[in-house]
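These notes are about the structure you will find just below.
The structure presented is a predicted model; accordingly, all values stated were derived computationally and were not measured. Reckoned from all heavy atoms, side chains included, excluding hydrogens, waters and symmetry mates.
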Amino acid sequence: MDRHLEKDAASPPDAGQELRAALFEAAGAGMYAVDTEGLVTACNPWAERLLGYAPGTLIGVDAHRILHPTPGESGEAPAPHPILTDIAQGRRASGDGAVLLRADGSALQVAWSAAPLPPGNEYGEGAVVVFHDVSAERERAGRRAERYAHSETLRAKAEFDLAEIAWLSELTLAMASTLDADQTLERLARLLVPRLADTALIDLAEGRTRRRTAAAHHAPDILPQPVGGAPAPPEHPAHARALSRVFQGAGTQHLTIDPPPAGTPADLFTLVEAKEALVVPLRLRATTFGALTLTRAPASPPFNEADRILAEEVARRTALGLENTRLHAAQADIAAALQRALLTGLPDVPDLELAAHYQPAQHTAEVGGDWYDAFLLDDGDLALVIGDVTGHDIQAASRMSELRNMLRALAVDRPDEDPGQILRRLDTAQARLTLADSATAVLARLRPDGVGAWEMAWSVAGHPPPLQITADGVATFLTGGHNILLGVQPARARSSARTVVPAGATLLLYTDGLVESRNQGIDNGMTRLRRHAISHQHLPLTELCARLARDLGDERDDITLIAARTPTPRAHEHDTR
């Protein structure tokens with residue numbers, strides 16, 4: 001086997017013996033053989049290295065007495081069971097918690113196994129013991145466990161951070177999904193509870209005062225709901241002072257809430273059992289929009305630094321959403337004011353009732369493209385116009401103004417031309433002067449026939465057709481004179497159509513916001529318009545236009561109408577007498 005187990009050197013070499021010796025030496029574990037007295041009769045180099053013996057010095061050592069500690073000789077571990085007891089009975093034995101003593105007296109934790117030497121071997125009876133150091137393995141296992149624990153910690157932190165980001169994204173989406181500030185803040189308060197607090201309160205600045213806009217609590221029916229104007233519970237004095245400081249420009253306030261003195265009325269913090277509170281400013285740059293108050297009860301963990309940072313990030317995003325809402329509202333007000341300023345009053349026309357209605361899109365800045373117009377020509381004819389410029393912003397309102405004024409000038413310049421000819425000249429001017437990218441319009445010219453009816457000529461440029469409702473309740477879309485929208489083929493000729501509007505009839509021009517929306521196709525919308533107009537044709541024109549816009553229009557789009565009603569035969573006869 002190895003140098004301690006060599007046979008007579010003079011014996012011829014045995015290939016199998018050399019292989020066994022090589023395997024024995026390279027086994028990676030300590031091996032030694034003992035006789036029936038427990039003396040070491042052979043060992044491999046691994047055993048010598050692990051036990052700290054010089055080569056050849058382990059032979060003859062009393063393994064049971066020297067290598068195995070007995071109780072009282074070492075405090076490292078109790079002595080193992082004697083190996084030879086089981087071996088003498090021809091049984092194999094093993095263990096993983098034994099301790100062997102090194103040559104320097106230190107302990108070596110080992111896992112071991114032992115088996116009887118086979119009968120008839122040249123060393124006689126005894127046993128062979130195989131052992132290896134488990135302390136290194138335990139150390140490696142400990143390092144592996146430590147690395148695993150560290151990776152689990154990192155994974156848990158990554159999952160927490162991901163959940164935090166997803167939650168903040170949900171908050172941001174909730175704030176961006178509507179431009180109604182009160183509705184947005186109500187949704188925000190519900191999302192904050194119980195994720196970040198037991199109670200969430202949001203106060204907004206309104207001039208020199210403040211208004212509680214939203215409140216949420218993790219348990220239902222805790223926060224009082226004012227009924228019939230019932231007063232809200234008073235503020236806790238510490239909370240009122242913190243709100244005042246925040247609205248005056250202070251940063252986040254961290255409050256420890258003391259219970260009110262006995263006999264004092266219950267305040268809001270008492271009702272929600274607040275033990276701690278964070279009052280965080282809703283501030284963007286130098287503007288303070290309001291304050292976010294978060295409270296926790298004694299049963300909840302106290303606010304820590306991470307909670308404060310998260311609350312301030314929520315407040316920052318909320319302030320940004322409020323700023324966007326304010327800017328949208330301001331832009332919508334500007335655009336609506338500009339558009340209203342550009343929509344002139346209607347002329348007084350004998351024997352003809354006129355009305356117009358303009359309704360801007362709600363809660364957005366998407367206004368500006370629709371217009372109506374009515375003006376008298378030199379020969380006494382009345383021009384009616386409805387139009388819509390592509391785009392929904394202040395720039396669209398500006399382009400609409402240019403197009404509207406140009407159409408007025410062209411119509412007044414050549415009143416004898418048909419509406420189609422006038423629209424063709426407008427199309428050419430639009431292309432050369434870049435008045436607008438594209439637009440739709442209806443230009444109609446009305447002329448009384450002297451007996452109560454009115455002759456009408458009209459041309460349509462990509463716009464919904466006019467609607468005529470006769471006195472006996474017949475509603476008809478005037479589909480003649482239809483042409484492509486303005487700005488597509490400026491050189492293309494445009495046709496006109498003619499009809500007679502009978503006495504007592506109503507003529508209605510409108511923009512597509514009245515008949516088309518994201519939830520309704522234009523065909524269905526026009527059918528609803530026709531039926532609704534018939535049902536309410538008895539109303540005065542001003543009321544009729546407002547009623548149609550309110551009942552049929554899409555509040556997300558501009559709605560513009562202009563209507564004319566010819567006098568009834570009786571009224572006309574009375575006027576001529």
Side-chain angles (χ1 to χ4, degrees), residues 1-9 11 14 17-119 121-146:
M1 297 168 73
D2 72 351
R3 61 179 177 274
H4 307 299
L5 303 177
E6 290 179 353
K7 291 186 178 181
D8 186 356
S11 302
D14 184 340
Q17 180 179 346
E18 291 178 356
L19 176 60
R20 285 192 297 273
L23 293 174
F24 185 59
E25 183 171 354
M31 297 182 187
Y32 64 85
V34 295
D35 59 16
T36 55
E37 300 299 325
L39 300 178
V40 176
T41 58
C43 68
N44 72 343
W46 279 94
E48 294 171 337
R49 285 195 294 270
L50 289 173
L51 295 173
Y53 283 83
T57 60
L58 190 56
I59 303 301
V61 171
D62 186 335
H64 186 61
R65 186 175 63 83
I66 301 299
L67 300 182
H68 297 280
T70 57
E73 293 182 341
S74 173
E76 299 291 339
H81 295 293
I83 296 173
L84 296 181
T85 302
D86 291 331
I87 299 304
Q89 299 175 5
R91 294 196 299 265
R92 294 176 178 271
S94 63
D96 58 4
V99 175
L100 297 180
L101 292 181
R102 292 188 176 94
D104 61 3
S106 61
L108 175 68
Q109 291 186 338
V110 298
W112 60 274
S113 62
L117 289 173
N121 71 83
E122 59 186 280
Y123 300 101
E125 294 183 3
V128 61
V129 179
V130 181
F131 66 94
H132 58 90
D133 183 1
V134 297
S135 61
E137 290 186 3
R138 289 179 180 175
E139 184 178 348
R140 288 193 295 271
R143 288 197 297 269
R144 286 196 300 271
E146 184 178 348

Quick check on side chain to side chain contact (heavy atoms under 4.5 Å, CB included): which of [options] does [X] satisfy it with?
| X | options | value |
| --- | --- | --- |
| I59 | T41, V40, L39 | V40 |
| Y32 | V128, N44, V130, V129 | V129 |
| L51 | L101, D104, V110, L100 | L100 |

To check you understand the geometry: which heavy-atom pair defines the closest contact between [X] and [Y], and what is its length?
| X | Y | result |
| --- | --- | --- |
| G52 | A103 | O-CB, 3.3 Å |
| E48 | G56 | OE2-N, 2.9 Å |
| L117 | A127 | CG-N, 3.7 Å |

Practice task
Assess whether side chain to side chain contact (heavy atoms under 4.5 Å, CB included) is satisfied between Y53 and V61, documenting all intermediate values.
Solution key: CA-CA 11 Å; Y53 283 83; V61 171; 4.3 Å; yes
Problem - Backbone N/O of G30 and side chain of D133: donor-acceptor pair under 3.5 Å - result: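 Not at all, since once roles are kept as given, no pair shorter than 3.5 Å links the two residues.
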Problem - All side-chain hydrogen bond (donor to acceptor under 3.5 Å, both in side chains) counterparts of R49, not counting sequence neighbours - result: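 Not a single residue meets the side-chain hydrogen bond (donor to acceptor under 3.5 Å, both in side chains) criterion with R49.
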Practice task
Identify, with sequence neighbours excluded, every residue that meets side chain to side chain contact (heavy atoms under 4.5 Å, CB included) alongside V134.
Solution key: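 V134: side chain to side chain contact (heavy atoms under 4.5 Å, CB included) contacts with Q109, A111, H132, R138.
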Handout entry: Gap between atom CG of L108 and atom CZ of R102 - 0.5 Å precision
Key =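 Output value for this atom pair is 4.5 Å.
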